[in-house]
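Encoded as structure tokens, the structure appears first; notes follow it.
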Amino acid sequence: MSELNFNIFNVIILLGIIHGLIFGAILLLNKKLKSKTNVFLALTVFSLALSNLQYFLKDVGVDIYLNYIPFIPFEFLMLPFFYFF
């Protein structure tokens, strides 16, 4: 693996990914927030976070991940989840 391309923009994207995963998990696991709307909001946030995770790993240069796991277009999931939200 060559040098990692790690800059301030990638740090911001990584923080957004972590924040999205935590926020989505809280929405799905908290019993006070159980509603159909919150489920679709959590799914929208998860698909956005996973899409950004794929971009982050590609941009940083983690080629090992990209060789074993195929590219999954999470962008196509965002639109229906956001529509149902």
Side-chain angles (χ1 to χ4, degrees):
M1 183 164 62
S2 62
E3 292 183 28
L4 294 177
N5 179 19
F6 207 69
N7 54 29
I8 187 69
F9 299 113
N10 287 334
V11 171
I12 293 171
I13 290 171
L14 183 62
L15 291 174
I17 292 166
I18 294 168
H19 181 264
L21 293 175
I22 291 171
F23 178 69
I26 289 172
L27 277 178
L28 286 178
L29 298 176
N30 194 345
K31 294 184 188 218
K32 292 181 184 177
L33 299 175
K34 287 285 184 192
S35 71
K36 200 173 193 180
T37 305
N38 285 342
V39 170
F40 284 115
L41 177 62
L43 292 174
T44 303
V45 171
F46 276 140
S47 62
L48 185 64
L50 293 175
S51 173
N52 284 339
L53 180 64
Q54 284 184 338
Y55 166 77
F56 172 77
L57 292 175
K58 184 178 178 183
D59 191 44
V60 168
V62 180
D63 295 331
I64 297 168
Y65 170 78
L66 298 175
N67 290 336
Y68 295 116
I69 298 175
F71 176 77
I72 300 170
F74 289 107
E75 292 85 9
F76 294 132
L77 293 175
M78 281 187 259
L79 186 62
F81 289 152
F82 187 73
Y83 176 76
F84 288 121
F85 163 66

Exercise. If Ile, Leu, Val, Met, Phe, Trp and Tyr residues are connected whenever their side-chain heavy atoms lie under 4.5 Å apart, and connections chain through other members, are F9 and I17 in the same group?
Worked result: no

Problem set entry | Pairwise side-chain contact, F84 with V39, heavy-atom cut-off 4.5 Å (strictly under) | no

For this session: Show your reasoning for whether side chain to side chain contact (heavy atoms under 4.5 Å, CB included) applies to F46 and L28.
Result: CA-CA 11 Å; F46 276 140; L28 286 178; 3.3 Å; yes

Problem set entry | Minimum heavy-atom distance between F81 and L43, given as atom pair plus value | CD1-O, 3.6 Å

Exercise. Atom CG in L41, atom CZ in F23: separation rounded to 0.5 Å?
Worked result: 5.0 Å

Exercise. Can you name the closest pair of heavy atoms from G24 and A42 and give their distance?
Worked result: O-CB, 3.8 Å

Exercise. Hey, what do you get for CG (N52) to CG (L21), rounding to the nearest 0.5 Å?
Worked result: 10.0 Å

Exercise. Nearest heavy-atom pair of L48 and M78: which atoms, and what distance?
Worked result: CD1-SD, 3.4 Å

Exercise. Looking at V11, I12, I13, which hits side-chain contact (heavy atoms from CB on, under 4.5 Å) with L15?
Worked result: V11

For this session: Report, as yes or no, whether the 6.0 Å neighbourhood of atom CZ on F40 holds more than 12 heavy atoms from other residues, nucleotides or ligands.
Result: yes

For this session: Quick one: closest heavy-atom pair of F74 and S47, and the distance?
Result: CB-O, 3.5 Å

Exercise. Are the side chains of V45 and L27 in touch, meaning some heavy atoms are under 4.5 Å apart?
Worked result: no

Exercise. Does L79 share a hydrophobic cluster with L50, counting links as ILVMFWY side-chain heavy atoms below 4.5 Å and allowing steps through other members?
Worked result: no

